[in-house]
Amino acid sequence: MSVVISGGGPAGMMLGLILARAGVEVTVLEKHGDFLRDFRGDTVHASTVRLMDELGLGRAFAALPQSRLGNMVVPVPGVGQVALSAFERLPAPYNYIAMIPQWDLLNFLVAEAKKEPTFTVRMNTEATGLLREGGRVVGVRYRTRDGEEGELRAALTVAADGRHSTLRREAGLVPEEFPVPFDTWWFRLPRHADEQGVPPNLAPGFGDREMALSLTRDDYFQIAYFGPKGTDPQLRAEGIEGFRARIARMMPQYADRVDQLASMDDVHVLDVKLNRLDRWYTDGLLLIGDAAHAMSPAGGVGINLAIQDAVAAATLLAEPLRRGRPTVAALARVQKRRWRPTVIMQRLQRVLHGIMFEPILTGSRVGPPTQLVMLARFVPGFRQIPSRLIALGPRPEHAPAFARRASV
């Protein structure tokens with residue numbers, strides 16, 4: 001039987017690839033004509049690197065342009081730099097997080113999936129609604145970029161269409177929202193040639209009711225600015241000169257290049273959400289990734305959880321799909337498997353919000369939390385705990401046997 005997946009992000013494409021390897025007919029609908037959108041999740045976690053090896057794609061994946069995410073390193077007066085994480089101490093070879101442009105990852109997954117005769121991707125095609133018969137979802141309505149409308153019937157419809165999911169709204173499913181104290185503004189600054197030897201760490205900068213985080217990429221620094229939620233209009237009213245001054249105060253090492261930000265159009269805001277559905281499915285419909293549980297950028301775990309959802313869904317639903325239409329009970333098993341890891345990671349993010357972000361954004365602290373610094377300095381093995389949770393997750397999934405291939 002056939003599956004239609006709304007959304008060609010990491011979860012949708014990974015699900016499509018694995019199901020196609022099971023011989024299931026899969027169609028992925030992606031509303032854009034390409035994947036060239038900046039500041040999407042660029043982290044490929046250790047669990048996904050291992051998954052690539054299990055799928056026989058490890059060598060080809062390693063050949064893609066990428067760098068490795070460094071540890072979170074904070075300045076401590078009188079002490080120097082203190083690392084709060086230790087990815088390199090995880091069991092090799094899966095002891096790192098790869099930083100890779102998401103468009104490269106998605107183009108790679110599409111190319112591999114297209115090798116399977118049962119896989120189809122339809123670009124410039126957006127799922128706009130659900131088809132129902134007798135209370136059951138039996139497919140989607142769609143619209144192409146040039147205005148063509150149609151219907152696509154399927155034994156299973158999967159909503160992998162993100163935190164603003166159209167299909168979730170069409171199904172009448174409303175997630176529980178958790179409070180988030182900040183929004184995030186992303187931008188990039190150039191990396192000079194004489195900085196190539198700089199260790200690729202995550203370097204924070206702290207100010208009055210604001211902070212920033214620098215991620216070292218191959219030829220630029222990717223910067224996240226964190227400010228109180230809902231203040232985007234204020235920042236844009238201040239203009240680019242005011243924003244440059246903020247960054248230069250918090251990160252004086254970049255004061256010589258903030259003028260590379262030509263206007264506030266170079267600064268991309270993310271309205272941070274943290275939520276999850278109580279129920280990820282209805283008869284004929286399954287939601288995964290951000291459509292089921294939007295994650296905060298804290299720890300960068302959203303893409304990891306989305307891909308893990310996809311692997312679990314493919315593993316549990318391939319055989320029911322080969323036999324016919326998966327039952328509601330079969331869809332419930334996917335949520336049951338992925339529920340606990342989702343709850344654990346969202347609780348961890350809420351703790352990080354309370355420890356790291358809220359005191360800074362309310363003005364009660366400037367700088368890193370003393371408790372975390374003391375644990376990192378004096379408790380052996382502490383730094384591996386957040387590293388493992390971020391790199392592997394609390395319940396990492398493995399490729400099912402039917403999808404594994406020899407590495408080429």
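The structure displayed is predicted, hence computed values, not measured ones.
Distance alone, capped at 3.5 Å, is enough to place a donor-acceptor pair between the Q66 side chain and the L64 backbone. Under a 3.5 Å cut-off, the side chain of E358 and the backbone N or O of S364 do not form any donor-acceptor pair. With hydrogens and angles ignored, the 3.5 Å screen pairs no side-chain donor or acceptor of R143 with any backbone N or O of E148. At distances below 3.5 Å, at least one donor-acceptor pair connects side-chain atoms of Q335 with backbone N or O atoms of D278. Judged purely by atom type and a 3.5 angstrom limit, N124 uses its side chain to pair as donor or acceptor with the backbone of G33. Side-chain atoms of E116 never come within 3.5 Å of backbone atoms of A113 as a donor-acceptor pair (strictly under, hydrogens ignored). The closest donor-acceptor contact from the side chain of E177 to the backbone of N275 lies at 3.5 Å or more, if one exists at all. S387 contributes a side-chain N or O that, together with a main-chain N or O of A86, makes up a donor-acceptor pair within less than 3.5 Å. Under a 3.5 Å cut-off, the side chain of H45 and the backbone N or O of G300 do form a donor-acceptor pair. A donor-acceptor pair under 3.5 Å links the side-chain atoms of S263 to the main chain of D265, judged by distance alone.
R365 CZ: more than 12 foreign heavy atoms inside a 6.0 Å radius. Counting non-hydrogen atoms of neighbouring residues, nucleotides and ligands closer than 6.0 angstrom, the CZ atom of R347 reaches no more than 12 such neighbours.
For the pairing with L69, the side chain to side chain contact (heavy atoms under 4.5 Å, CB included) check across T216, L215, V44 returns one residue only, L215. The only option from R337, R276, R395, R338 that meets the salt bridge (charged side-chain N to carboxylate O under 4.0 Å, His left out) definition with D309 turns out to be R338. Here the options are T157, V140, V158, D161, the test is side chain to side chain contact (heavy atoms under 4.5 Å, CB included), and the partner is I5; only V158 passes.
Between F87 and G70 the shortest heavy-atom distance is CE1-O, 3.7 Å. Closest heavy-atom contact between T166 and A127: CG2-O, 3.8 Å. The minimum heavy-atom distance between F187 and D266, with the atom names listed, is CB-O, 3.5 Å. Looking at every heavy atom in both residues, F382 comes nearest to L372 through CZ-CD2, 4.0 Å. Of all heavy-atom pairs spanning F226 and A212, the tightest one is CD1-CA, 4.3 Å. Of all non-hydrogen atoms in E176 and F178, the two that sit nearest each other are OE2-CE2, 3.6 Å.
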Please assess L57 against E112 for the test side-chain contact (heavy atoms from CB on, under 4.5 Å), listing each intermediate value before the final yes or no. CA-CA 9 Å; L57 303 177; E112 293 299 326; 3.3 Å; yes
Checking side-chain contact (heavy atoms from CB on, under 4.5 Å) for the pair M72/L213: CA distance, chi angles, key distance, verdict? CA-CA 9 Å; M72 168 74 87; L213 184 66; 3.8 Å; yes
When you look at S47 and E397, which way does the side-chain contact (heavy atoms from CB on, under 4.5 Å) test go after all the steps? CA-CA 7 Å; S47 58; E397 303 288 347; over 6 Å; no
Go through R21 and I18 one step at a time and tell me if the side-chain contact (heavy atoms from CB on, under 4.5 Å) criterion holds. CA-CA 5 Å; R21 286 190 172 185; I18 297 178; 5.6 Å; no
Under the side-chain hydrogen bond (donor to acceptor under 3.5 Å, both in side chains) criterion, do Y254 and S214 qualify, and how do the steps go? CA-CA 10 Å; Y254 300 141; S214 172; 2.7 Å; yes
Residues D42, R217; criterion salt bridge (Lys or Arg N to Asp or Glu O under 4.0 Å); working and verdict: CA-CA 11 Å; D42 288 350; R217 306 297 294 267; 3.2 Å; yes
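Using a 4.5 Å heavy-atom threshold, the side chains of T118 and V24 count as separate. Between L202 and V73 there is no side-chain heavy-atom pair separated by less than 4.5 Å. Inter-residue side-chain proximity for L189 and I223 is flagged as met; some heavy-atom pair is nearer than 4.5 Å. With a 4.5 Å cut-off on side-chain heavy atoms, F108 and D104 do not count as touching. You'll find the side chain of P386 stays beyond 4.5 Å of the side chain of L84, heavy atoms only. Contact check for V258 versus M251: no side-chain heavy atoms found under the 4.5 Å cut-off. Under the 4.5 Å side-chain criterion, counting only non-hydrogen atoms from C-beta, L106 is in contact with Q102. Contact annotation: the side chain of M250 approaches that of E210 to within less than 4.5 Å [non-hydrogen atoms, C-beta and beyond].
Annotation: cation-pi geometry not satisfied between R191 and Y220 (NZ/CZ under 6.0 angstrom from ring centroid, within 45° of ring axis).
Ring pair Y225/F243 is perpendicular by interplanar angle, where above 60° counts as perpendicular and below 30° as parallel.
For the pair E126 and R145, the salt-bridge criterion is not met [side-chain N within less than 4.0 Å of a carboxylate O]. The existence of a salt bridge linking R405 and E54 is excluded, since no basic side-chain nitrogen approaches an acidic carboxylate oxygen closer than 4.0 Å. Between K229 and D183 a salt bridge is recorded (basic side-chain N to carboxylate O distance below 4.0 Å). Residues R122 and E30 are not paired through a salt bridge, judged by the lack of any N-O separation under 4.0 Å between the basic side chain and the carboxylate. A salt bridge between R141 and E170 is present, with a side-chain N of the basic residue lying under 4.0 Å from a carboxylate O of the acidic one.
The distance from the CH2 atom of W339 to the NE2 atom of H293 is 9.5 Å, given to the nearest 0.5 Å. Taken from CD1 in I390 to CG in L348, the straight-line distance is 7.0 Å, to the nearest 0.5 Å. To the nearest 0.5 Å, atoms CG (L55) and CE (M52) are separated by 7.0 Å. Rounding to the nearest 0.5 angstrom, the gap separating the CG atom in N107 from the CG atom in D34 is 8.0 Å. Taking CG of L156 as the reference point, atom OG of S2 lies at 9.0 Å (rounded to 0.5 Å). Note that CZ of R168 is 13.0 Å distant from CG of L130, once rounded to the nearest 0.5 Å.
Checked against side chain to side chain contact (heavy atoms under 4.5 Å, CB included), D232 has the following partners two or more places apart in sequence or in another chain: W185, R236, V269. Residues satisfying the side chain to side chain contact (heavy atoms under 4.5 Å, CB included) test with K114, not counting sequence neighbours, are V110, F119, V121.
Less than 6.0 angstrom separates the ring centroid of F182 from the ring centroid of H353.
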